[in-house]
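Here the structure is laid out as structure tokens; the discussion comes afterwards.
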Amino acid sequence: MDIKPFSKPLVSIIPKHVTMEHSVEMNTLSQILEKLRLKGKDNELKITDHGKMQSQAGKIYKPEDLTIVKTYRFEGDSDPADNSVLYLVEDKEKTIGFILDAYGIYSDNAGPSFDDFLKKIPTENRDEQELFS
């Protein structure tokens, strides 16, 4: 079997709008949580026993009261328990908060009510600059 090398350099197949000089900033969970805290957007929502989300201030939300505006996934290098997902949510009053969960069996949210609630929240992906400005 005769294998021929590429006839064009690999760099030429990279779209012109993509450059190697502009790398994406990698964020850790603690960096994102600190950004939220500094912007006064560190209001964590947690699932209640009644299957609704509750803010630290005690406000109760139904799925239709929230929109997921950004999702971050974090994966640990060696420990599956370090895998988590952070949902930035906005309520009808334009208040930003967050929902934090671990993946799979490491989830703090046992039972189907948490997953069912999340699936019902509308999603729109916003730019990070818009959220943290």
- Task: Evaluate the side-chain proximity of I68 to P122: yes if any heavy-atom separation is below 4.5 Å, no if none is.
- Result: no
- Message: Quick check: closest heavy atoms across S113 and G51, and the distance to 0.1 Å?
- Response: CB-CA, 4.4 Å
- Query: Heavy-atom distance under 4.5 Å between the side chains of T28 and Q31, does that happen here?
  - Reply: yes
- Non-hydrogen side-chain atoms of M53 and I60 separated by less than 4.5 Å: no
- With respect to L86, which candidate in L33, I99, T71 satisfies the side chain to side chain contact (heavy atoms under 4.5 Å, CB included) definition? L33
- Note on the structure: d(I32 CD1, K70 NZ) to nearest 0.5 Å is 9.0 Å
- Task: Find the distance between OH (Y72) and CG (L100) and round it off to the nearest 0.5 Å.
- Result: 13.0 Å
- Gap between atom CZ of F98 and atom CZ of R37 - 0.5 Å precision: 12.0 Å
- Query: Can you list every pair that meets side chain to side chain donor-acceptor pair (under 3.5 Å) and has a residue in residues 48-57, with sequence neighbours left out?
  - Reply: none
- Message: Just verifying a value: how many Å separate K41 NZ and I96 CD1, rounded to the nearest 0.5 Å?
- Response: 5.5 Å
- Message: Quick check for you: to the nearest 0.5 Å, what is the distance between I47 atom CD1 and D115 atom CG?
- Response: 9.5 Å
- Does N43 reach the side chain of L45, with side-chain heavy atoms less than 4.5 Å apart? yes
- Roughly how far, to the nearest 0.5 Å, is the CZ atom of F114 from the CG atom of D101? 4.0 Å
- side chain to side chain donor-acceptor pair (under 3.5 Å) pairs touching residues 87-98, sequence neighbours excluded, are K59-E93, Y61-D91, E90-R126
